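This report concerns only the one structure given below.
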Amino acid sequence: MDPRNIDIKDYNYPLPDEKIAKHPLAQRDSCRLLVRDADGQVSDHRFSDLPGLLPQDALLIYNNTRVINARLRFRKPSGALIEIFCLEPESPADYAINFASTDGCAWRCLVGNSKRWKDGPLDGAVTLADGRTLKLTAVRTEKSDNGSTVSFSWDDASVSFSEIIAAAGEIPIPPYLNRATEASDSSDYQTVYSHVEGSVAAPTAGLHFTDAVLDEIDRLGIGRREVTLHVGAGTFQPVKADQIGDHDMHSEFIAVDLRLIDELAEINSRHDKKIIAVGTTSVRTLESLYHIGCMMHCGLWEGELPQWYAYDNSHPRLSTADALRSLASWLRSRGASQLVASTRIIIAPGYDYRIVDGMVTNFHQPQSTLLLLVSALIGPEWRNIYDHALASDYRFLSYGDACLFFKPQR
């Protein structure tokens, strides 16, 4: 099956606004958890039950990215409000170096009310956590259909850009919540294990985890590992094309430690553990590793995994263990302890999962690439599962309830 021929209308379903959770539950792990096991059996639980529902030989892998206060607002002398939504760093292009900058930086941005910002700088006052005030200046240096490049500068070289956006910016909650950001979103829209700054949207499947759930996972001897994928605004981008082949996937930054790549290679050679990914971002990161390894083996790697590479049968396909070993060997030959790359992978029905055996995820928007990713794992049964969830008053989307899906037994 070639996913490029999929009609997105086949992945539509009715989602009334009242089914969309506008806020999370006060106790994160008290939300509901729908489980679909490897035999296709569906059952209803609470998220706090998750540790006992995971296989004893599971390795749980989650995304440690942290959402930044990516939405900045400036007001022109005329009174016009200009909103700048920071998408990804451009100069320096490295996330960590950019956030640590004290002498200015540039980002790729979306600009709201763009027509009112014809030229010239925008100035704003920023009050830091310690009470100091500084001037932040934004200058648009490039404009295109895909956004603008905005350079930021400020008048205090002792302050980093990370500190500035923490003080001046706002958490960019999903547009489908149809409400303004509230103070509670600053904590609600972060996972308890987030610590690597860079996302403009949360890896929302991880929002259900609590320290108590993680402690119980540890007590049961189930391993936990981290990867990084900085979620871009493209995660909310609707599929506007009738067929998936005409949809352009956004690029996202990933980082995976060499030690984890070695561990995954060993697991896949022994087949002695089940890899459970938390969220579609972790799924995309892990599955990208296999194809990146294949590209490295063939000498094709140039830093970004193309959208359709996984479906191109003209390239040789290695075993999962061999692909991961090729990736690890490539890193070692360059003295690197971590893979840093970009991925545009699209996972849709017809995709062959290579690393992930199951996933913790949320209920996704109709006609979304995230719903395609879920369907690629569990097949057309997704529709019956979603019908059950709607009829059973599950809460949908980012602040809603959770699912635990296992790859069907062959």
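Index from 1, following the sequence. Nothing here was measured: the structure is a model prediction, and the numbers come from that model. Computed over heavy atoms, backbone and side chain alike; hydrogens, waters and symmetry mates excluded.
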Exercise. Asp29 and Gln27: side-chain donor and acceptor closer than 3.5 Å?
Worked result: yes

Problem set entry | Interatomic distance, Lys274 atom NZ to Leu60 atom CG [nearest 0.5 angstrom] | 15.0 Å

Problem set entry | Lys76, NZ: over 12 other non-hydrogen atoms inside 6.0 angstrom | yes

Exercise. Could Arg332 and Trp330 be counted as a cation-pi pair, given that NZ or CZ must be under 6.0 Å from the ring centre and within 45° of the axis?
Worked result: no

Problem set entry | Contacts of type ring pair (Phe, Tyr, Trp, His ring centres under 6.0 Å), residue Phe74, not counting sequence neighbours | none

Exercise. What's the shortest heavy-atom distance between Asp262 and Ala328, and which atoms?
Worked result: OD1-CB, 3.4 Å

Exercise. Sequence neighbours excluded, which residues qualify as side chain to side chain donor-acceptor pair (under 3.5 Å) partners of Asn362?
Worked result: Thr204, His208

Problem set entry | Summary of side-chain hydrogen bond (donor to acceptor under 3.5 Å, both in side chains) pairs that have at least one residue in residues 335-350, sequence neighbours excluded | Asp257-Gln338, Ser288-Thr343, Glu304-Arg344

For this session: Grab the two heavy atoms, one from Arg224 and one from Leu59, that are nearest each other, plus how far apart they are.
Result: N-CD1, 4.1 Å

Exercise. Under the 3.5 angstrom rule, does the side chain of Gln307 hit a backbone N or O of Met249 as a donor-acceptor pair?
Worked result: yes

For this session: Establish, for the pair Arg317 and Tyr309, whether the NZ or CZ atom is under 6.0 angstrom from the six-membered ring centre and no further than 45 degrees off its axis.
Result: yes

Seminar exercise, completed: Taking every heavy atom of Ile8 against every heavy atom of Ser368, the minimum-distance pair comes out as CD1-N, 4.4 Å

For this session: May I ask you to check whether over 12 heavy atoms, not counting those of His247, lie within 6.0 Å of atom NE2?
Result: yes

Problem set entry | Pro174 and Ser398, any side-chain heavy atoms less than 4.5 Å apart | yes

Exercise. Has Arg36 got its NZ or CZ under 6.0 Å from the middle of the six-membered ring of Phe405, at an angle within 45 degrees of the ring axis?
Worked result: no

Problem set entry | Euclidean distance, Tyr353 OH relative to Leu286 CG, rounded to 0.5 Å | 10.5 Å

Seminar exercise, completed: Given the options Ile97, Asp94, Asn98, Pro89 meets side-chain contact (heavy atoms from CB on, under 4.5 Å) only with Asn98

